[in-house]
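Chain A is the first sequence line, chain B the second, and so forth, proteins listed ahead of strands; every chain is numbered from 1.
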Amino acid sequence: MIDRSFIGHKSEALTVAVEPFQLRLFAKAVGETNPIYLEEGAAKAAGYRNMLAPPTFANALSLSKPDPFGDFAGMGVELAKILHGEQKFVYFAPICAGDTITLQDEITDIYDKKDGAMEFMVSETTVTNQDGELVGKMTSVLVQRH
Amino acid sequence: MSNVSFDSLSVGDEIPAVNKPAISRHTLALYCGGSGDHNPIHVDSDFAKAAGMPDVFAHGMLSMAYLGQALTGWVPQSALRAYGVRFASITWVGNEISCTGTVIEKFEEEGEKRVRLEVKAADQECDVKLIGEAVVALD
């Protein structure tokens, strides 16, 4: 069982640099070949400060810490039992290489269906850049199957 | 900002599809590293089988990135206002994912002309993996 007392729990804010190396590895993994995602020059020619982070990259940033699933065990979440149920992004401004991004997660709901056979954990994350500008929000639903 | 104009679009229009090659174990390993999602269930078949799965399976976010390419291949990413999906079924190693989008609404919001799309990723058997919506702002 996921410990319902974590509803409302805010994680410690995570501040990470947007590294060209990680952007290029991410682009390679997803087969992205548009140079605005791969090369500083092409990104600048397209009007961006630097290489652009793709639309789902903020999720990768949120996992850019030494042990991103480290809190799970203490909450009753088992890595072998979870699936990603839903994911949503809202965009206000681009994220580019060289940015320093701060992510703040809050668990907004934990509930179950089918008499506890499936549990759901909803997290909302604000994504802010080095200028204090809110660049996006993410909502994630994880499903734990029993 | 885009070659796609609000006025040129009608509800029911489809955006160009993106068709991806079969997902390999190598792709899953690259995405494990690139995304920071190191859950072994996506790359370690021993771990996946011990968890009761027949084999490793793809990160949902890999397919969401693929589906995002259908959007950013159609309009500049700066036009994207929102993008969300539900992960309807598991994407297995070997699946070939096709990404499609259909205009379902034209509206004005926050002083912008926007269109809402239904977006979908399915495998070679037409088994739907992701279904969701995106909102883009157009001139």
Side-chain angles (χ1 to χ4, degrees), chain A residues 14 16 19 21-34 36-37 43 46-48 52-69 72 78-96 136-143 145, chain B residues 1 18 20-21 23 26-42 47-53 57-69 71-73 76-91 97 130-137:
Chain A
L14 171 69
V16 288
E19 303 277 2
F21 173 83
Q22 191 185 1
L23 285 172
R24 290 197 187 96
L25 179 56
F26 186 92
K28 180 176 180 176
V30 304
E32 177 59 71
T33 55
N34 184 331
I36 66 170
Y37 299 105
Y48 295 102
L52 179 62
T56 61
F57 189 76
N59 179 256
L61 289 175
S62 74
L63 298 170
S64 297
K65 49 187 172 183
D67 189 7
F69 307 130
F72 279 0
E78 296 174 57
L79 267 190
K81 290 186 177 177
I82 55 170
L83 292 173
H84 205 160
E86 296 177 33
Q87 180 73 36
K88 183 173 184 186
F89 297 87
V90 179
Y91 305 101
F92 304 115
I95 297 172
C96 296
K137 290 183 182 178
M138 296 189 284
T139 306
S140 164
V141 181
L142 289 183
V143 183
R145 301 169 309 150
Chain B
M1 65 185 171
V18 165
K20 288 294 187 177
I23 294 172
H26 182 235
T27 298
L28 297 181
L30 289 171
Y31 192 78
C32 169
S35 71
D37 183 345
H38 300 174
N39 187 341
I41 208 152
H42 300 300
F47 184 92
K49 287 171 184 170
M53 308 304 277
F57 57 93
H59 309 76
M61 293 305 295
L62 173 62
S63 297
M64 191 172 185
Y66 288 165
L67 186 51
Q69 288 169 20
L71 296 166
T72 59
Q77 188 174 319
S78 54
L80 195 55
R81 295 290 175 267
Y83 171 35
V85 302
R86 183 172 62 83
F87 299 97
S89 64
I90 290 176
T91 300
I97 298 298
L130 276 65
I131 187 158
E133 289 186 358
V135 174
V136 301

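- When each of B/Val85, B/Leu130, B/Val135 is checked for heavy-atom pairs under 4.5 Å with chain A, B/Val85 comes out on top.
- Residue A/Lys137 places its NZ atom among 12 or fewer non-hydrogen atoms of other residues, nucleotides or ligands, all under 6.0 Å distant.
- When side chains are defined from C-beta on, B/Ser35 does not count as touching A/Thr56, because their heavy atoms never get closer than 4.5 Å.
- Although no hydrogens or angles enter the test, the distance criterion places no donor-acceptor pair under 3.5 Å between the side chain of A/Lys88 and the main chain of B/Glu133.
- For the set B/Gly84, B/Ala88, B/Gly132, the entry with the most heavy-atom pairs within less than 4.5 Å of chain A is B/Gly84.
- For A/Phe72, no part sits under 4.5 Å from any heavy atom of chain B, backbone or side chain.
- Looking at A/Leu61, there are no atoms closer than 4.5 Å to chain B (heavy atoms on both sides), in backbone or side chain.
- For the residue pair A/Phe69 and B/Asn39, the shortest heavy atom distance occurs at CE1-N, 3.7 Å.
- Surrounding NE2 of B/His38 are more than 12 heavy atoms belonging to other residues, nucleotides or ligands, all under 6.0 Å away.
- Residue contact with chain B, scored on non-hydrogen atoms closer than 4.5 Å, is absent for A/Leu23.
- Interface remark: A/Tyr48 contributes side-chain atoms only to the contact with chain B (heavy atom separation under 4.5 Å).
- Contact count versus chain A (heavy atoms, under 4.5 Å) is highest, among B/Ala65, B/Gly68, B/Ala51, for B/Ala65.
- A donor-acceptor pair under 3.5 Å links the side-chain atoms of A/Gln22 to the main chain of B/Gly34, judged by distance alone.
- Contacts between A/Ala53 and chain B at a heavy-atom distance below 4.5 Å involve the backbone alone (N, CA, C, O).
- Considering OG1 of B/Thr72 and CD1 of A/Ile36, their distance stands at 7.5 Å, rounded to 0.5 Å.
- The nearest pair of heavy atoms linking A/Val30 to B/Lys20 is O-NZ, 3.1 Å.
- In plain terms, the two heavy atoms of A/Tyr91 and B/Ala82 that are nearest each other are CD1-N, 3.8 Å.
- B/Pro40 and A/Leu79 get closest at one heavy-atom pair: CD-CD1, 4.2 Å.
- Both the backbone and the side chain of A/Pro55 come within contact range of chain B, each with at least one heavy atom under 4.5 Å from a heavy atom of that chain.
- With a 4.5 Å cut-off on side-chain heavy atoms, B/Gln69 and A/Tyr37 do not count as touching.
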